[in-house]
Amino acid sequence: MEWVLVKNLKDHVGSEVELRGWVYNQRASGKIRFIILRDGTGTVQCVLVKAENPGLFEKAADLTQESSVILTGSIREEPRSPSGVEITLNSFIIIGRADPYPITLKEHGVDFLSENRHLWIRTPRQSAILRIRSTAEQACREFLHGRDFVLADSPIITPAACEGTSTLFEISYHEEKAYLSQSGQLYNEATAMALNRIFCFGPTFRAEKSKTRRHLMEFWMLEAEAAFFEFEDNLKLQEELVFHLVRTVLDRHSQDLRLLNRDIEKLEAVSLPFPRVSYTDALKLLISEGHQIQWGEDFGAPQETAISEKYQSPVFITHFPAGIKAFYMEPDPANPEVILGADMLAPEGYGEIIGGSQRISDPDLLRKKIAEHNLPVDTFSWYLDLRRYGTVPHSGFGLGIERTVAWLCGIEHVREAIPFPRTLYRMYP
RNA sequence: UCCUCGAUAGCUCAACGGUAGAGCAACCGGCUGUUAACCGGUAGGUUGUAGGUUCGAAUCCUACUCGGGGAGCCA
């Protein structure tokens, strides 16, 4: 008998098939049982009538929540079913009978759910988010490969800070100190000089004691870098990538988005080109609205939210003051006080999802900036080499996948956008 | 690091200075179409830890532990 995934049941209406999965729930009266099976691709209700098969009916009393089963049954259309199909159960075997399952169908608190993350991910909502994450990652790769970008993975163990700002996780590299990467960017610049257009996609680590719905200690970042790309090329690439992500998730996950109660209209409203506002103009706007902030100060979360809420699409904040951005960002020739970089803020207050810039290509200027930031020149010696040997203008950006997925899914917290979140006070399980 | 909130049954919560309760889960029974099914019953507790105030503390005070939300920083 053919083994079919729940999500494909509609293609087999009328036939008898085998299903393999876990019992999501069971309801029973004296004469009829409803067993909801989940197999990770969806859920389906299986019906068992006592009069038709008394032996099987009794045996099914043993099907506790999350017991694993292989069952056979006939698929039929059923107007009363939310998915339109239902299974008439013919037989089943229990692979592993589950003990009383901690995560019931009732409400639970964040602490308990986090402590049981390994089981929490089995719930329909969490599964939907993780499926969307998978598609978002796939769409990133599809998009960049389609634009002739080459995947060039950057190292996770690094000898020193990439940007010298954030706190790093220190590890012991045999007798030496080493650090977990907080960005693959500097290595990306090297691979871009070798391969022209490249990207890396992997975990990145921040040891800052951040403790908000937008922060994880370990998160995944898509970082692209392109030789000969200037500021404008960079922004265009970013907005087209993010637009592609939105469209792809809408196309492939309407059911998951519905399950998450996502307001789909807000995603459908995203359109190209994305709005742009310079730091200076954004600042004026914020001051006119009563924010206490001066030129040269970075925007905080409340400011970012205030700006992003004015637009339906993600918005670029461009031309930040050089003093609040990383040392490698190219100054604007028209005004060297500001840099040719931009942050992309997601709508609905989800915060910064991309940070990017054109990079300094002049070796002398780069050396000067390294000194100004009090960074050790010798650890950047190889990075300076990139400017010694055939320097070119180039640009890149980093996209935080969890924040992006959280926005796409409309969920409250980035911890639900990754299978096993690492937060400030929790790394179990 | 700072601000803020919290910890009571397996889970979600109530009891607010005077005998620790409810719903769900578990277990037993009932029910022919349920969608977090429903109905009846049984069992389940050193109220996060340590001290203090009091005739009496889940409740008030102090410290600690663990966690939630936020600030800063960032994706």
Side-chain angles (χ1 to χ4, degrees), chain A residues 24-36 43-52 57 61 64-66 78-83 86 88 98-116 119-120 123-125 162-168 182-185 201 203-223 238 242 297-305 324-326 343-346 350-356 397-407 412-415 417-418 423-426 428:
Chain A
Y24 177 62
N25 193 19
Q26 169 164 201
R27 288 178 288 274
S29 73
K31 303 284 165 59
I32 188 166
R33 280 189 204 285
F34 302 98
I35 295 152
I36 298 188
T43 59
V44 65
Q45 177 160 280
C46 306
V47 184
L48 185 51
V49 176
K50 186 176 188 180
E52 291 170 5
F57 187 88
T64 54
Q65 188 189 352
E66 288 302 320
E78 172 54 68
R80 284 170 292 191
S81 158
S83 66
E86 203 169 75
T88 301
D99 288 344
Y101 199 62
I103 301 186
T104 65
L105 274 54
K106 300 284 176 180
E107 267 179 39
H108 296 285
V110 186
D111 187 40
F112 178 76
L113 289 170
S114 299
E115 195 72 12
N116 290 282
L119 306 177
W120 186 21
T123 61
R125 200 183 143 76
C162 278
E163 305 186 16
T165 52
S166 310
T167 319
L168 295 160
Q182 60 178 346
S183 167
Q185 193 219 303
F201 186 49
T204 184
F205 307 88
R206 303 280 165 92
E208 297 130 356
K209 296 202 187 298
S210 304
K211 193 170 178 295
T212 80
R213 74 184 72 188
R214 300 181 305 281
H215 287 92
L216 296 169
M217 302 297 102
E218 175 183 302
F219 66 97
W220 283 63
M221 189 153 66
L222 173 81
E223 293 181 280
Q238 292 170 38
V242 171
E297 288 178 44
D298 206 355
F299 297 153
Q303 284 83 33
E304 286 187 355
T305 301
I324 54 172
K325 287 292 174 185
D343 288 352
M344 186 194 290
L345 308 182
Y350 279 93
E352 184 185 344
I353 54 172
I354 288 184
F397 65 89
L399 176 145
I401 207 76
E402 287 79 13
R403 284 188 186 175
T404 304
V405 169
W407 162 53
E412 274 298 300
H413 202 298
V414 289
R415 70 174 154 235
I418 184 168
T423 54
L424 184 52
Y425 293 125
R426 189 186 295 282
Y428 176 92

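Residue numbering restarts at 1 for every chain, and letters A, B, ... go by the order of the sequence lines.
- Put simply, the side chain of T204(A) does not reach to within 4.5 Å of the side chain of W220(A), judged on heavy atoms.
- Between Q45(A) and S81(A), the side chains place no donor N or O within less than 3.5 Å of an acceptor N or O (distance only, hydrogens not considered).
- Following rounding to the nearest Å, E412(A) (CD) and G69(B) (P) show an atom-to-atom distance of 10 Å.
- Atom NZ in K106(A) sits roughly 11 Å away from atom C1' in C38(B) (whole-Å rounding).
- Look at NZ on K209(A): it is 12 Å from P on G67(B), rounded to the nearest Å.
- Side chain of N25(A), nearest nucleotide from A75(B), A37(B), U12(B): A37(B).
- One atom, CD of Q26(A), and another, P of A25(B), lie 13 Å apart when rounded to the nearest Å.
- Between R213(A) atom CZ and C73(B) atom C1' the separation is 17 Å, expressed in whole Å.
- At a threshold of 4.0 angstrom between heavy atoms, the contacts of R214(A) include nucleobase atoms, whether or not backbone atoms are also involved.
- The side chain of R403(A) lies closest to A75(B), out of A36(B), A75(B), A71(B).
- Atom P of nucleotide C74(B) and atom CG of L345(A) are separated by 14 Å, given to the nearest angstrom.
- Between the side chain of S210(A) and the base of C74(B) there is no donor-acceptor pair of N/O atoms closer than 3.5 Å.
- Looking at heavy-atom distances under 4.0 Å, D298(A) makes contact with sugar-phosphate atoms alone, never a base.
- Contacts of I401(A) with the nucleic acid, taken as non-hydrogen atoms under 4.0 Å apart, are absent.
- Ranking U35(B), G72(B), G10(B) by closeness to the F112(A) side chain, first place goes to G10(B).
- Y350(A) does not carry R403(A) over the face of its six-membered ring by the limits of under 6.0 Å from the centre and within 45° of the normal.
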Between the protein and nucleotides 30-34 of chain B, are there any N/O to N/O pairs under 3.5 Å, and if so, what are the atom names and distances?
| unit_1 | atom_1 | unit_2 | atom_2 | d |
| --- | --- | --- | --- | --- |
| C31(B) | N3 | A28(A) | O | 3.4 |
| G33(B) | O2' | R80(A) | NH1 | 3.4 |
| G33(B) | N1 | E86(A) | OE1 | 3.0 |
| G33(B) | N2 | E86(A) | OE1 | 3.1 |
| G33(B) | N2 | E86(A) | OE2 | 2.6 |
| U34(B) | O2' | R27(A) | NE | 2.9 |
| U34(B) | O2 | R27(A) | NE | 2.8 |
| U34(B) | O2 | R27(A) | NH2 | 3.0 |
| U34(B) | O2 | Q45(A) | OE1 | 3.2 |
| U34(B) | N3 | Q45(A) | OE1 | 3.1 |
| U34(B) | N3 | Q45(A) | NE2 | 2.6 |
| U34(B) | O4 | Q45(A) | NE2 | 2.8 |

Requested in this report: Take T104(A) and Q65(A) through the test side chain to side chain donor-acceptor pair (under 3.5 Å) and record every step on the way to the result.
Outcome: CA-CA 8 Å; T104(A) 65; Q65(A) 188 189 352; over 6 Å; no
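- Put simply, the side chain of H215(A) and the base of C74(B) share a donor and an acceptor less than 3.5 Å apart.
- Base pairing of A71(B): its partner is U1(B), meeting the Watson-Crick or G-U wobble criterion (both donor-acceptor distances under 3.5 Å).
- No more than 12 heavy atoms of other residues, nucleotides or ligands sit less than 6.0 Å from atom CD of E107(A).
- No N or O donor and acceptor, one from the side chain of T104(A) and one from the base of G10(B), sit under 3.5 Å apart.
- Between A26(B), G69(B), A75(B), one nucleotide has an atom nearer to the side chain of R415(A) than all others, and that is G69(B).
- Within 4.0 Å (heavy atoms only), K211(A) reaches at least one base atom of the nucleic acid.
- Counting heavy atoms from C-beta outward, R415(A) and V110(A) have side chains that approach closer than 4.5 Å.
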